[in-house]
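What you are looking at is a predicted structure, and each value in this text was computed from that prediction instead of being measured. The basis for the numbers below is simple: all heavy atoms, side chains too, and nothing from hydrogens, waters or symmetry mates.
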Amino acid sequence: MNENNQMRDVFDAIADPTRRQLIALLAEAEEKPLHELTAQFQMGRTAVSKHLTILKEAGLVHDRKVGRETRFRLNASPLKEVQDWVAFYSKYWSMNMLRLQQLLEEEEE
């Protein structure tokens with residue numbers, strides 16, 4: 001997978017509120033089994049599994065089998081791409097707000 005696809009996948013993965021909630025739940029613990037994650041939603045195990053698969057494809061989640069149970073853990077490192085993107089635009093908006101403030105101050109004079 002090239003870098004552009006990875007970025008797109010991460011952004012696609014976090015676009016859904018259910019997947020963002022799954023990330024938050026996984027951030028609270030080292031690992032969580034599927035049944036514990038499913039209990040947090042008003043949807044079936046299959047639907048939660050599909051969301052986890054998308055997170056896994058984006059590199060945000062790792063899973064492992066323990067007996068008959070699948071446990072999931074968060075891999076937050078792909079979120080750095082999102083953080084970098086947000087930081088760029090945060091700086092952009094801060095600079096624009098500073099310019100606006102300067103213009104307003106000039107008009108008051």
Any heavy-atom pair between the side chains of [Y] and [X] that's under 4.5 Å?
X: L26; Y: K32; result: yes
X: I23; Y: L60; result: yes
X: K65; Y: R71; result: no
X: R64; Y: V66; result: yes

Quick check for you: to the nearest 0.5 Å, what is the distance between [X] atom [atom1] and [Y] atom [atom2]?
X: F72; Y: E31; atom1: CZ; atom2: CD; result: 10.0 Å
X: T70; Y: H35; atom1: OG1; atom2: NE2; result: 10.5 Å
X: L55; Y: T18; atom1: CG; atom2: OG1; result: 10.0 Å
X: L22; Y: L52; atom1: CG; atom2: CG; result: 5.0 Å
X: D84; Y: L79; atom1: CG; atom2: CG; result: 11.0 Å
X: D63; Y: N75; atom1: CG; atom2: CG; result: 12.0 Å

_Using every non-hydrogen atom in the two residues, find where A15 and R20 come nearest and quote the distance to one decimal._
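That would be O-NH1, 2.9 Å.
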*What heavy-atom pair brings A58 and A13 nearest, and what distance separates the two atoms?*
CB-CB, 3.8 Å
*With sequence neighbours left out, write down each residue that passes side-chain hydrogen bond (donor to acceptor under 3.5 Å, both in side chains) with R68, or none if nothing qualifies.*
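Partners of R68 under the side-chain hydrogen bond (donor to acceptor under 3.5 Å, both in side chains) test: none.
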*Quick one: do V82 and I14 satisfy side chain to side chain contact (heavy atoms under 4.5 Å, CB included)? Show the steps, please.*
CA-CA 9 Å; V82 177; I14 66 169; 3.7 Å; yes
Acceptor/donor pairs from residues 36-51 side chains to any protein atom, 3.5 angstrom cut, sequence neighbours excluded:
residue : atom : partner : partner atom : Å
T38     : OG1  : L34     : O            : 2.9
S49     : OG   : R45     : O            : 3.0
H51     : ND1  : R19     : NH1          : 3.1

*Other residues, nucleotides, ligands: >12 heavy atoms within 6.0 Å of E30 CD*: no
*asked:* Which residues pass the ring pair (Phe, Tyr, Trp, His ring centres under 6.0 Å) test with Y89, not counting sequence neighbours?
replied: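 Counting only residues at least two positions away or on another chain, Y89 forms a ring pair (Phe, Tyr, Trp, His ring centres under 6.0 Å) with W85.
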